[in-house]
**Student:** 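Sharing a structure, written as structure tokens. Questions coming.
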Amino acid sequence: VRAALGAASMVGSVVGSILGSGLGKRMAGNSAVGQAIFQTAGSLLGSAVGSEAGQDLVTNVHQQSRERITYEERKRAAVQRVEAIPE
């Protein structure tokens with residue numbers, strides 16, 4: 001899970017940086033200094049947001065997987081005891 005979190009964070013960071021940089025460039029207009037400032041700010045912000053989004057995605061998928069496994073174990077135990085299957 002840690003490796004997946006790291007990979008998702010890195011990919012999200014790169015994608016967010018690229019998108020943020022492009023958005024910053026478009027927002028700045030024709031000013032070279034404004035473009036540099038907005039591109040840098042957009043890149044930093046996009047990188048941070050993308051990294052968090054990637055980590056959140058992996059964490060949520062992992063949690064859902066754990067919940068599914070727990071449910072399957074409870075269901076199997078109920079069937080063995082000839083009880084109603086839990087919801």
**Student:** Looking only at heavy atoms, which two atoms of A8 and Q55 are closest? And how far apart?
**Tutor:** CB-N, 4.4 Å
**Student:** Kindly give the heavy-atom pair with the smallest separation between K75 and I85, and that separation in Å.
**Tutor:** CG-CG2, 3.4 Å
**Student:** Membership question, hydrophobic clusters at under 4.5 Å side-chain separation (ILVMFWY): are F38 and L23 in the same one?
**Tutor:** yes
**Student:** How many angstroms lie between CG in L5 and CG in D56, if you round to the nearest 0.5 Å?
**Tutor:** 9.5 Å
**Student:** Would you give the length of the straight line joining atom CD of E83 to atom CZ of R74, rounded to the nearest 0.5 angstrom?
**Tutor:** 11.0 Å
**Student:** So, does Y71 use its side chain to make a donor-acceptor pair with the main chain of P86 at under 3.5 Å?
**Tutor:** yes
**Student:** Measuring from atom CD of Q64 to atom CZ of R68, what distance do you get when rounded to the nearest 0.5 angstrom?
**Tutor:** 9.0 Å
**Student:** Would you compute the distance between atom CD of Q39 and atom CD1 of I37 and round it to the nearest 0.5 angstrom?
**Tutor:** 11.0 Å
**Student:** Taking R76 first and then E73, would you say they form a salt bridge - that is, a charged N and a carboxylate O separated by under 4.0 Å?
**Tutor:** no
**Student:** Would a hydrophobic clustering, with Ile, Leu, Val, Met, Phe, Trp and Tyr connected at side-chain separations under 4.5 Å, put L19 with V11?
**Tutor:** yes
**Student:** Taking atom CD of E72 and atom CD of E67, what is their separation to the nearest 0.5 Å?
**Tutor:** 13.0 Å
**Student:** With S51 as reference, evaluate S9, S13, S17 under the side-chain hydrogen bond (donor to acceptor under 3.5 Å, both in side chains) test and give the passing residue.
**Tutor:** S9
